[in-house]
Amino acid sequence: MNYWLIKSEPDVFSFEQLCQDGRTRWDGVRNYQARNNLRAMRAGDLCIYYHSNIGLAAVGIATVLQEYYPDPTAESGDWSCVDMGPVKPLQRAVTLAEIKSNPELGNIGLVRNPRLSVMPLTFDEFSTLLRMSGTQL
DNA sequence: GCCAACGTTGGC
DNA sequence: GCCAACGTTGGC
């Protein structure tokens, strides 16, 4: 089991939308590091869903339904996508400010490289985020 | 292979 | 809307 943090702008595709749809293709990633992270995802892996630009907070938990396959939205290049499904919303959103102020989360990509859209979390980091949100799986 | 220029992302 | 940080591109 691996843990991840995925980012989305909520006015493009929000966690609420994912809950409504039940499943979505996580496509459009055009960054090699993020792509490689997508390819390392395994079915059943858990993802913290973070809202960038608007909200600036972790809001939910998603899971990998389908491991990587070629991204049909890519007109050229070697890109991949996965299918995601909702698990549950966080009991309480964890803001970027809270994340940044927690030393246990000082090493996550969100803090170290704010522009990476798909990044791994350690189990400890994942657990810390769940605890801060008051959420149990 | 280096580096300047440019485009994109995302927080503020 | 601005700007800093990062990644990519392309000329040399």
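Chain letters run A, B, ... following the sequence lines, proteins first, then strands; residues in each count from 1.
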Give me the one residue out of A:R35, A:R25, A:R30 that meets salt bridge (charged side-chain N to carboxylate O under 4.0 Å, His left out) with A:D71.
A:R30
Is the A:Y49 to A:W26 ring centre distance short of 6.0 Å?
yes
Of the nucleotides [options], which has the atom closest to the [X] side chain?
X: A:L96; options: B:dG10, B:dC12, C:dG7; value: B:dC12
X: A:Y50; options: B:dG11, C:dT8, C:dG7; value: B:dG11
X: A:R115; options: B:dT8, B:dG10, C:dG7; value: B:dT8
X: A:K7; options: C:dC6, C:dT8, B:dG10; value: B:dG10
X: A:K100; options: B:dG10, B:dC12, C:dT8; value: B:dC12
X: A:S52; options: C:dG7, B:dG11, C:dC6; value: B:dG11

Distance check needed: [N] [atom2] versus [X] [atom1], whole Å only.
X: A:E9; N: B:dT9; atom1: CD; atom2: P; result: 8 Å
X: A:N31; N: C:dA5; atom1: CG; atom2: P; result: 18 Å
X: A:I6; N: B:dG10; atom1: CD1; atom2: P; result: 13 Å
X: A:H51; N: B:dC12; atom1: NE2; atom2: P; result: 17 Å
X: A:R30; N: C:dT9; atom1: CZ; atom2: P; result: 13 Å
X: A:R112; N: C:dC6; atom1: CZ; atom2: P; result: 11 Å
X: A:N53; N: B:dT8; atom1: CG; atom2: C1'; result: 12 Å
X: A:M119; N: B:dG10; atom1: CE; atom2: P; result: 9 Å

Would you check if there is a donor-acceptor pair between the side chains of A:Q17 and A:D21 at a distance under 3.5 Å?
yes
Classify the nucleic acid contact of A:L56 as base, sugar-phosphate or nothing, counting any heavy atom under 4.0 Å across all strands shown.
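Touches sugar-phosphate only.
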Surrounding CD of A:E75 (heavy atoms of other residues, nucleotides or ligands, distance under 6.0 Å), is the total greater than 12?
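Check fails, neighbour count at 12 or below.
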Minimum side-chain heavy-atom gap A:V12-A:N53 below 4.5 Å:
no
